[in-house]
There are 2 protein chains.
Amino acid sequence: MTENQPKITKSDRTRAQILEAARQLFAERGYDGASIRDVAAQASIDPAMVIRYFHSKDELFARAAVVDLQLPDQRVDPAAVGETLIRRFLVNWEGPANGPGMIILLRSAASNEHAAHKVRDVFANQVRPMVASIGDPADAGRRAGLVASQLLGLAMCRYLLRLEPVVALSPEEIIRDVGPVLQRYVMGHDAH
Amino acid sequence: MTENQPKITKSDRTRAQILEAARQLFAERGYDGASIRDVAAQASIDPAMVIRYFHSKDELFARAAVVDLQLPDQRVDPAAVGETLIRRFLVNWEGPANGPGMIILLRSAASNEHAAHKVRDVFANQVRPMVASIGDPADAGRRAGLVASQLLGLAMCRYLLRLEPVVALSPEEIIRDVGPVLQRYVMGHDAH
DNA sequence: AGCATATGCCAACGGCTGTTGACAAATGCA
DNA sequence: TGCATTTGTCAACAGCCGTTGGCATATGCT
C-alpha cells in the first residue's frame with residue numbers, strides 16, 4: 001500500500017471556503033472592488049490566511065476566474081448551431097452547477113487589463129475554434145468576433161448592467177430572438 | 001452696455017484642462033483606476049485644484065461621463081433604421097468630435113454601480129424612446145434591449161476588450177453584418 | 001500704488017490596500 | 001506524554017487614496 005491517498009486535510013476545507021468567498025465577491029464587485037480583507041471576512045477567516053493559501057491577490061483571482069464554456073466541439077448540426085449556442089450560453093450563465101467564472105471575468109475585464117487578457121484567451125481558445133469547425137476557417141475570426149459581440153453584449157445587459165427589459169426576457173424569448181442572429185453570424189453574412 | 005459677457009477667466013482654462021485630463025484617464029482606466037492624483041498630474045496641476053474646481057471625484061466623473069447619442073428621434077425611414085443606427089454608432093465611437101463619454105461610462109459600469117445606473121439612464125432616455133417611435137410602443141422595451149445588447153457587445157469587443165478580429169473589422173463590414181441584425185431587432189422578431 | 005480677490009502649491013489627516021513576520025493554539029504522530 | 005507540524009491570530013509595514021486647510025503668489029480693479 002504505497003499509494004498516496006488524497007488526504008483531505010483541514011486546510012483543504014478553509015482553502016475551499018476562501019475560494020468560494022472570493023468567487024462570490026469578485027463576481028459581485030470585480031477585482032478592485034473586492035479586497036482581500038473583504039474575502040477573508042466573508043470566509044470568517046484572517047486576511048493573512050488568504051495570502052498563505054493563495055500567494056497573492058492576482059493568483060487568487062486567477063484561481064477564481066476559471067472558465068470552461070463547454071462549447072460543442074464535435075459534429076453539430078450546422079442548421080441548428082445558433083440555437084445550440086444560445087442554449088449553451090443560458091446554461092453557462094444561469095445554470096446552477098457552473099461556477100461564476102465568466103461573470104467574474106467580465107465584471108473586471110472592462111477596467112483591468114489582466115482580466116481582459118483572459119477574456120481574449122477564452123475567445124481565442126474556445127469560441128473561435130468552435131466557429132472555425134463549422135464553416136470556412138478562413139474568416140472564422142470575423143464570424144467568431146460577431147458571435148462574441150452579441151453574446152458578451154447580452155451578458156453585459158442581462159447579468160452585469162441589469163437593463164430591465166433584458167432581464168425580463170424569458171429564456172424562450174432569448175432563444176427565439178438571438179438564436180437566428182447567432183446562426184447568421186456563424187454561417188456567414190448572407191445566410192438568410 | 002449692461003450685458004454680462006461670459007468672461008473667460010484663467011480658471012476656466014485650467015478647469016477645462018482638468019476635465020480633459022479626467023476624460024482621457026477615465027476612458028483609459030475607469031473610475032477606480034484613475035486617481036485624482038493621476039488626473040492632476042496629467043493636467044500638470046496640483047491635486048487640490050481638482051477638488052477645488054469639481055467638488056469631489058464623483059462630481060468630476062459625472063461631468064466627464066456626459067453622453068448624447070444623437071439618435072434620430074424624428075421620422076426615419078423604417079426600412080433603413082438598422083443601417084442608420086449602426087452608422088450613428090460608428091460616428092459616436094470613432095468620430096473625431098464627440099467626447100468619449102460612452103467609453104468612460106462603459107469602462108466603469110461593469111464594476112461601479114453609479115456608472116451602471118447612468119448607462120441604464122442613457123438606455124431609458126435615449127435608446128428606448130427612439131425604438132418606441134418606430135414600431136409598436138408596447139414591446140419597445142424588449143426590442144430596445146436587444147438593440148442595446150448587440151451594440152454594447154460590439155463596443156465591448158471593439159473598444160474595451162479589443163478582441164483582435166473585431167478590431168480588424170472595417171466600418172463597411174460592420175455596417176453590412178450588424179446593420180441587418182439591428183433592423184431585425186428594431187422592427188420585430190420575425191421581420192425577415 | 002494699494003488692496004481685494006483669484007489662483008496655485010504644500011503638507012497633512014484618516015482610512016484603506018496588499019503583504020509580511022512573529023507568535024499562539026491545535027493537531028497528529030512517536 | 002512529548003514533540004513536530006499544521007493551522008490560525010495579531011500587529012505592523014509601506015504605499016496609495018480622497019479630501020482639507022493654511023499659506024504663498026499672481027491678478028485685476030480703483
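When reading the values below, keep in mind they use all heavy atoms of this one structure, side chains included, and skip hydrogens, waters and symmetry mates. Here is the naming used below: chain letters follow the sequence lines, and residue numbers restart at 1 for every chain.
- Using a 4.0 Å heavy-atom cutoff across all strands shown, A:Y53 reaches sugar-phosphate atoms only and no base atom.
- In this structure, the CG atom of B:L60 is 15 Å from the P atom of D:dC17, given to the nearest Å.
- The only member of B:F54, B:Y53, B:Y31 that meets side-chain contact (heavy atoms from CB on, under 4.5 Å) when paired with B:L60 is B:F54.
- For the pair B:D12 CG and C:dG8 P, the interatomic distance rounds to 11 Å; values are reported in whole Å.
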Any protein N or O atoms within reach of nucleotides 19-25 of chain D? Criterion: under 3.5 Å, listing atom names and distances.
{"residue": "D:dT19", "atom": "OP2", "partner": "B:K57", "partner atom": "N", "Å": "2.8"}

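- The nearest whole Å value for the distance from the CZ atom in B:R13 to the P atom in D:dA26 is 19 Å.
- No donor-acceptor distance shorter than 3.5 angstrom exists from the side chain of A:R162 to the backbone of B:A116, with no hydrogens or angles considered.
- Side-chain nitrogen and oxygen atoms of B:T14 include none within less than 4.0 Å of the OP1 or OP2 phosphate oxygen of C:dT7.
- For the pair A:D32 and B:S44, both in contact range of DNA chain C, the more 5′-proximal nearest nucleotide belongs to B:S44.
- With hydrogens and angles ignored, the 3.5 Å screen pairs a side-chain donor or acceptor of A:Q126 with a backbone N or O of A:V67.
- Contact check for A:R184 versus B:P180: side-chain heavy atoms found under the 4.5 Å cut-off.
- Distance A:M49 CE to C:dA25 P: 16 Å, rounded to the nearest Å.
- Computed from coordinates, the B:F54 CZ to C:dT7 P distance equals 13 Å when rounded to whole Å.
- Salt-bridge check for A:R176 with A:E172: failed, with every basic side-chain N at 4.0 Å or more from each acidic carboxylate O.
- At a threshold of 4.5 Å between non-hydrogen side-chain atoms, the residues B:E164 and A:R128 count as touching.
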